[in-house]
Amino acid sequence: MTLDTLKTKLQQDFFTRDVLDVAPDLVGKTIVRKFANGQVKRVVISEVEAYRGEDDLACHASKGRTTRTDIMYHEGGHIYVYLIYGMHYMLNFVTSIENNPQAVLIRGVDNVLGPGRVAKLLEIDKSFHRSSLFTSDSIWLEDNVDVSSYRTDVRVGIDYAGDYWKNRPWRFIKI
DNA sequence: TGCACGATCTCG
DNA sequence: GAGATCGTGCAT
């Protein structure tokens with residue numbers, strides 16, 4: 001069996017599903033990052049969070065379609081990057097179909113925990129915002145042979161979203 | 001045109 | 001426990 005058989009690139013149909021199906025499936029998948037100098041870095045996703053539509057008060061799309069959230073209204077597989085606290089970039093993958101704004105925040109890979117640290121490790125900045133995991137030659141995702149098990153917990157840093165949304169167990173953590 | 005506030009991290 | 005640091009959304 002060749003390496004190509006073991007490592008298959010995730011395609012559109014993987015992302016064109018509800019975020020609550022995509023997010024747990026992303027745990028254990030591999031992010032491949034190819035740098036300008038040709039170096040390739042492969043990391044396994046260990047923690048993610050789901051943000052689900054305009055009704056979800058923790059989701060940025062709860063403020064409607066704005067300049068920032070516009071990409072979430074596109075088809076799954078696009079990349080959503082934003083700057084938080086004036087210094088940390090957050091890496092997200094858009095899910096679902098057009099006009100259904102959802103995204104998965106990558107909170108951890110391998111032993112690197114924290115969304116800001118992940119972006120720093122992979123050298124993700126605003127230039128990745130709105131790009132596609134299917135056409136980019138510097139970042140894409142690959143499937144893995146083994147399926148990872150996970151546990152769930154509440155999402156982090158969204159106290160403002162109110163009790164209901166704050167308590168959704170939409171964080172998925174690799175065991 | 002101004003302002004308050006983050007899907008955080010690091011240091012003390 | 002607090003400061004760093006700036007783009008965004010909303011009020012003015």
Side-chain angles (χ1 to χ4, degrees), chain A residues 10 14-15 17-31 33 41 43-97 99-133 136 139 141 148 150-175:
Chain A
L10 294 184
F14 180 90
F15 297 92
R17 297 179 292 150
D18 190 275
V19 71
L20 294 182
D21 295 318
V22 178
D25 282 357
L26 277 174
V27 175
K29 296 293 190 284
T30 299
I31 300 177
R33 174 77 171 89
K41 188 176 277 186
V43 294
V44 174
I45 297 173
S46 61
E47 184 172 327
V48 302
E49 275 175 358
Y51 289 88
R52 191 167 185 260
E54 293 184 343
D55 293 340
D56 177 3
L57 294 183
C59 181
H60 290 164
S62 64
K63 298 191 181 300
R65 189 167 188 159
T66 65
T67 308
R68 180 170 68 149
T69 65
D70 178 75
I71 193 60
M72 294 178 93
Y73 288 76
H74 287 65
E75 197 167 39
H78 288 272
I79 297 177
Y80 170 37
V81 176
Y82 66 93
L83 183 69
I84 191 67
Y85 301 115
M87 57 183 77
H88 304 294
Y89 287 107
M90 303 284 104
L91 172 63
N92 299 257
F93 301 136
V94 174
T95 71
S96 189
I97 58 175
N99 294 318
N100 190 3
Q102 306 183 338
V104 177
L105 170 67
I106 306 303
R107 294 192 57 86
V109 296
D110 296 332
N111 296 318
V112 179
L113 296 183
R117 293 174 181 167
V118 169
K120 187 179 176 190
L121 174 77
L122 298 177
E123 296 179 31
I124 299 298
D125 60 24
K126 254 329 222 325
S127 69
F128 285 81
H129 185 52
R130 300 179 67 91
S131 62
S132 165
L133 289 171
S136 172
I139 185 169
L141 295 196
S148 295
Y150 61 88
R151 66 186 175 85
T152 63
D153 204 339
V154 296
R155 294 173 291 178
V156 175
I158 55 160
D159 285 352
Y160 62 85
D163 285 342
Y164 179 80
W165 298 106
K166 198 169 81 178
N167 291 321
R168 294 309 92 204
W170 290 354
R171 179 155 56 113
F172 304 89
I173 305 147
K174 192 170 188 286
I175 298 176

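These numbers were taken from a predicted model, which means no experiment stands behind them. Residue numbers begin at 1 in each chain, while the letters A, B, ... track the order of the sequences. In what follows, every heavy atom counts, from backbone to side chain, and hydrogens, waters and symmetry copies are set aside.
- At least one donor-acceptor pair under 3.5 Å links the side chain of A:Arg171 to the backbone N or O of A:Val154.
- In this structure, A:Tyr160 reaches the B:dA7 phosphate: one of its side-chain N or O atoms is under 4.0 Å from OP1 or OP2.
- The shortest distance between the side-chain N/O atoms of A:Arg171 and the OP1/OP2 oxygens of B:dA7 is not below 4.0 Å.
- Taking the side chain of A:Arg117 as heavy atoms from C-beta on, and the options B:dT10, B:dT8, C:dG9, the nearest nucleotide is B:dT10.
- In this structure, A:Tyr85 forms no aromatic stack with the base of C:dA4, since the conditions of centre separation below 5.5 Å and plane angle below 30° are not both met.
- Taking only side-chain atoms of A:Lys126, from C-beta outward, the nucleotide of B:dA7, C:dT5, C:dT8 with the closest atom is C:dT8.
- Here C:dG7 sits opposite B:dC5 as a Watson-Crick or G-U wobble pair (both hydrogen-bonding atom distances under 3.5 Å).
- When A:His74, A:Arg65, A:Glu75 are each tested for a side-chain hydrogen bond (donor to acceptor under 3.5 Å, both in side chains) with A:Asn99, only one passes: A:Arg65.
- Judged by distance alone, the side chains of A:Glu54 and A:Ser62 never bring a donor and an acceptor atom under 3.5 Å apart.
- Across the protein-nucleic acid pair, A:Leu121 atom CG and B:dC9 atom P stand 13 Å apart, rounded to whole Å.
- Checking side-chain atoms of A:Thr69 against main-chain N and O of A:Met72 turns up no donor-acceptor pair under 3.5 Å.
- In this structure, the nucleotide among C:dG9, C:dG7, B:dA7 sitting nearest to the side chain of A:Thr67 is C:dG9.
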